[in-house]
Amino acid sequence: MNIREIELPGIGKKIELVTKNNDKVVIVIHDDGRREVYHFDDDDHEESISSVTFNDLESRQIAGILGGLAYKPKALETIEMAFNDLIIEWYKVERESRVANHTIGDMDIRNNYNVNVIAIMKKGADKMLSSGPETLVEAGDTLVISGERQHLKRLILEQLTKKTG
C-alpha cells in the first residue's frame with residue numbers, strides 16, 4: 001500500500017492511500033476532530049465516487065472495528081476442517097492480471113487449477129451468480145472462487161495478480 005501524508009494548514013491533515021489493487025482512498029482529519037473519507041474511481045483517481053464524514057467518536061469506533069477489536073474472525077483452520085479443506089475466497093482481479101479480458105473457459109480455471117468460479121461481482125455491482133466458461137472476466141471484477149488453499153493460491157498468483165515478465 002502506498003501512503004502519502006499532506007499537511008493542510010488551518011484544516012488538519014490529508015492522508016492518501018492507494019492499495020495493492022489500485023483502490024484510492026483519501027482521509028481528511030480536521031483539527032476539530034471530524035474525519036472525511038473519500039473513495040475514488042478505479043479508472044480515474046481524480047474522481048471521487050463516494051464520501052462519508054465521521055465525528056471523533058465515530059472515527060475511533062470505526063478504527064476499532066477495522067483493527068479487529070469489535071469482531072475477531074474464527075480461526076481459518078477450524079473453518080477449513082468444517083468444509084473438509086474447502087475454502088471460499090473473494091478476490092478482486094487486478095488491472096494487469098493475465099485473466100483480465102479473457103473468459104473463464106479461455107483460462108480453463110476448473111481443469112488447470114481445480115478451482116470453481118462460484119460468482120462474479122462486476123464493477124457497478126452487477127452480480128453473475130451462474131458464470132459459465134463464456135463469462136468474460138474484467139479488471140475490477142471480484143471473483144468468488146472455491147477450492148483447496150494451495151489451488152486458490154496458485155490461481156491467484158498465476159492468473160489474478162499483475163503480470164510479471
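Just so you know, these numbers use all the heavy atoms, side chains as well, and skip hydrogens, waters and symmetry mates.
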Is the side chain of Arg35 donor-acceptor paired with the backbone N or O of Gly33 at a distance under 3.5 Å, no angle test?
yes
Can any side-chain N or O of Asp44 pair as donor or acceptor with the backbone N or O of Glu46 at less than 3.5 Å?
-> yes
Stepwise, does the side chain to side chain contact (heavy atoms under 4.5 Å, CB included) test hold for Asp42 with Asn22?
CA-CA 7 Å; Asp42 288 345; Asn22 201 36; 5.8 Å; no
Going only through I, L, V, M, F, W and Y residues with side-chain contacts under 4.5 Å, is there a path from Leu57 to Ile29?
no
Taking every heavy atom of Ser97 against every heavy atom of Leu160, the minimum-distance pair comes out as CB-O, 3.1 Å
Problem set entry | Lys20 and Glu94, any side-chain heavy atoms less than 4.5 Å apart | yes
Ala100 and Ala139 have their tightest heavy-atom pair at CB-N, 4.0 Å
Would you say Phe40 and Val37 are hydrophobically clustered, going by side-chain heavy atoms of ILVMFWY under 4.5 Å?
no
| Do you reckon Ile62 sits in the same ILVMFWY cluster as Tyr38, going by side-chain contacts under 4.5 Å, direct or chained? | no
Rounding to 0.5 Å, atoms CG (Leu136) and CG (Asp141) come to a distance of 7.5 Å
Query raised in the report: Is there a path of hydrophobic side-chain contacts, each under 4.5 Å between heavy atoms of I, L, V, M, F, W or Y residues, that connects Ile49 with Ile27?
Result: no
Value for CG (Asn114) from CD1 (Ile109), rounded to nearest 0.5 Å, stands at 12.5 Å
In this structure, NE2 of His39 is separated from OG of Ser51 (nearest 0.5 Å) by 12.0 Å
Heavy-atom nearest pair, Ile15 first then Glu5, reads CG1-CG, 3.9 Å
How about Lys14 and Val26: do any of their side-chain heavy atoms sit closer than 4.5 Å?
yes
Margin query: Contact between Lys92 and Asp23 at the side-chain level, heavy atoms closer than 4.5 Å - yes or no?
Written below: yes
ask   = Glu36 versus His30: any side-chain heavy-atom pair under 4.5 Å?
value = yes
Quiz item: Cut-off 3.5 Å, side chains only: do Asp106 and Thr103 have a donor facing an acceptor?
Solution: yes
Are Val52 and Val25 linked, directly or through other ILVMFWY residues, by side chains that come within less than 4.5 angstrom of each other? yes
When every non-hydrogen atom of Ser50 is compared with those of Ser48, the smallest separation belongs to O-OG, 3.4 Å
To the nearest 0.5 Å, atom CZ of Arg4 lies from atom CG of Leu17 at 11.0 Å
CZ of Arg34 to CG of Asn55, rounded to nearest 0.5 Å, is 10.5 Å
What one should report as the nearest heavy-atom pair of Leu152 and Gly147 is CD1-O, 3.7 Å
Side-chain donor or acceptor of His151 paired with backbone N/O of Arg149 under 3.5 Å: no
Can you find a pair of side-chain heavy atoms, one from His45 and one from Val18, that are under 4.5 Å apart? yes
- prompt: Taking NZ, NE, NH1 and NH2 as the nitrogens, is one of them in Glu158 or Arg98 under 4.0 Å from a carboxylate oxygen of the other?
  reply: no
Handout entry: Side-chain heavy-atom pair His102, Val137 within 4.5 angstrom cut-off
Key = no
Any side-chain heavy atom of Ile120 sitting closer than 4.5 Å to one from Ile104?
yes
Rounding to 0.5 Å, atoms CG (Leu143) and CH2 (Trp90) come to a distance of 12.5 Å
Partner of Tyr113 under side-chain hydrogen bond (donor to acceptor under 3.5 Å, both in side chains), picked from Gln159, Arg154, Gln150, is Gln159
